[in-house]
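This report refers to the structure that appears directly beneath it.
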Amino acid sequence: MTIAHAPALFQSASRGVTPPGAERRRHQRVRVQLLGRYMLGDRQEYPCQAIDMSPGGASLVAAVKGITGDRVVCHLDQIGRVEGVIARLTETGFAIQISVPLVRREKLAEQLTWLANRQALGLLDGRRHIRIVPRLGRTTVTTQDVKTMPARLLDVSLSGAALQCDIRPAIGATVSIGNTRGRVVRASAGCLGIEFDALLPIDTFDEHIVL
């Protein structure tokens with residue numbers, strides 16, 4: 001199976017915002033199942049699910065549709081925050097034309113390429129909960145012998161986290177990620193997988209989470 005690369009899969013990711021019709025022609029969309037929430041002009045938050053996406057647009061299943069041209073701010077699992085306007089309404093929700101800075105579009109292309117490759121290779125995530133990539137990745141790891149080291153969060157779910165650090169505790173060892181206790185379930189050179197002792201509070205679980 002051929003592995004896609006961001007520049008090839010999304011050749012137009014850095015060419016700026018395009019009209020909705022042109023976006024569908026110039027950007028290759030990826031089929032996804034990403035839960036999230038969105039906010040319209042009334043500043044109320046509503047749940048949604050993205051069912052396909054490219055760096056230039058996304059189709060959302062959403063109960064409250066708004067009207068064409070409305071500004072939308074979305075927070076999608078594994079993607080983070082994206083902004084844009086409603087390009088068209090659909091039977092199940094609406095499609096948005098994404099408008100983000102160039103650097104964010106390039107990052108979005110990389111994220112979607114990663115998702116496309118995982119689907120193409122049939123890779124399954126054994127975790128029980130959706131992962132997010134926190135904006136603030138800096139944290140600390142404290143081991144049972146009270147040794148504290150800096151670390152970088154790679155991703156976080158309600159039940160655990162993957163992080164990069166210079167220590168390698170034994171599998172099953174108790175550690176604290178910031179103030180959150182857990183145990184080591186995976187360990188490799190420079191990376192740890194942690195399962196938390198208790199699920200994180202759902203009301204604080206977004207890309208702004210700090211451990």
Side-chain angles (χ1 to χ4, degrees), residues 3-7 9-10 13-14 30 32 34-37 50 53 55 73-83 98 100-119 121 123-211:
I3 302 297
H5 298 282
L9 183 57
F10 302 110
S14 62
V30 174
V32 294
L34 302 176
L35 297 177
R37 60 191 189 279
M53 194 169 185
V73 178
C74 295
H75 291 266
L76 299 174
D77 292 336
Q78 303 185 63
I79 294 295
R81 176 188 172 107
V82 293
E83 301 182 32
I98 295 174
V100 292
L102 174 61
V103 173
R104 180 67 182 98
R105 287 173 71 86
E106 292 174 343
K107 176 64 175 178
L108 182 56
E110 293 174 358
Q111 291 172 304
L112 292 172
T113 299
W114 177 76
L115 287 172
N117 285 335
R118 290 180 69 244
Q119 294 176 34
L121 295 174
L123 299 179
L124 299 178
D125 193 337
R127 302 186 193 189
R128 293 169 291 163
H129 300 99
I130 292 294
R131 297 177 297 164
I132 60 173
V133 179
R135 285 193 172 186
L136 181 62
R138 295 189 301 275
T139 188
T140 58
V141 177
T142 303
T143 60
Q144 288 174 297
D145 58 357
V146 199
K147 180 183 294 183
T148 299
M149 298 285 290
R152 183 170 71 88
L153 286 170
L154 301 176
D155 57 61
V156 180
S157 75
L158 290 174
S159 58
L163 53 93
Q164 191 174 57
C165 63
D166 293 332
I167 58 175
R168 190 173 177 179
I171 302 296
T174 297
V175 296
S176 293
I177 312 303
N179 295 318
T180 305
R181 286 175 55 86
R183 63 184 183 89
V184 179
V185 293
R186 294 185 304 278
S188 60
C191 292
L192 296 177
I194 306 300
E195 183 176 276
F196 300 141
D197 289 348
L199 296 181
L200 298 177
I202 187 65
D203 58 344
T204 63
F205 186 69
D206 59 26
E207 62 183 346
H208 300 287
I209 192 168
V210 176
L211 296 182

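Please read these numbers as outputs of a predicted model, since none were measured by experiment.
Taking every heavy atom of both residues into account, Met53 and Ile98 meet most closely at CE-CD1, 3.9 Å. When all heavy atoms of Leu153 and Ala161 are compared, the closest pair comes out as CD2-CB, 4.1 Å. Annotation for Leu154 and Pro134: closest pair O-CD, 4.5 Å, computed over non-hydrogen atoms. Of all heavy-atom pairs spanning Ala187 and Ile171, the tightest one is N-CD1, 3.7 Å. Minimum interatomic distance between Leu211 and Thr139 (heavy atoms only, all atoms of both residues): O-OG1, 3.2 Å. For the residue pair Phe196 and Leu158, the shortest heavy atom distance occurs at CD1-O, 3.7 Å.
Annotation: side chain of Leu76 is not in contact with side chain of Val32 (no heavy-atom distance under 4.5 Å). Looking at Val141 and Ile177, their side chains come closer than 4.5 Å, going by heavy atoms from C-beta outward. Using a 4.5 Å heavy-atom threshold, the side chains of Arg104 and Val82 count as touching. Contact check for Thr113 versus Val30: no side-chain heavy atoms found under the 4.5 Å cut-off.
Distance OG1/Thr140 to CE/Met149: 11.0 Å, rounded to 0.5 Å. Separation of atoms CD (Glu83) and NE2 (His75) is listed at 8.0 Å; rounding is to 0.5 Å. A distance of 4.5 Å separates CD1 of Ile209 from CG of Leu200, quoted to the nearest 0.5 Å. The SG atom of Cys74 lies 10.5 Å from the CZ atom of Arg37; values are rounded to the nearest 0.5 Å. One distance of note links OG of Ser157 with CD1 of Ile132; it measures 9.0 Å at 0.5 Å rounding.
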Derivation of the side-chain contact (heavy atoms from CB on, under 4.5 Å) call for Ile167 and Val175: CA-CA 11 Å; Ile167 58 175; Val175 296; over 6 Å; no
Intermediate values then yes/no, side-chain contact (heavy atoms from CB on, under 4.5 Å), Ile194 and Val184: CA-CA 5 Å; Ile194 306 300; Val184 179; 3.8 Å; yes
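Environment of CG in Asp145: crowded, with over 12 heavy atoms of neighbouring residues, nucleotides or ligands closer than 6.0 Å.
Between the side chain of Ser176 and the main chain of Asn179, no donor-acceptor pair closer than 3.5 Å is present.
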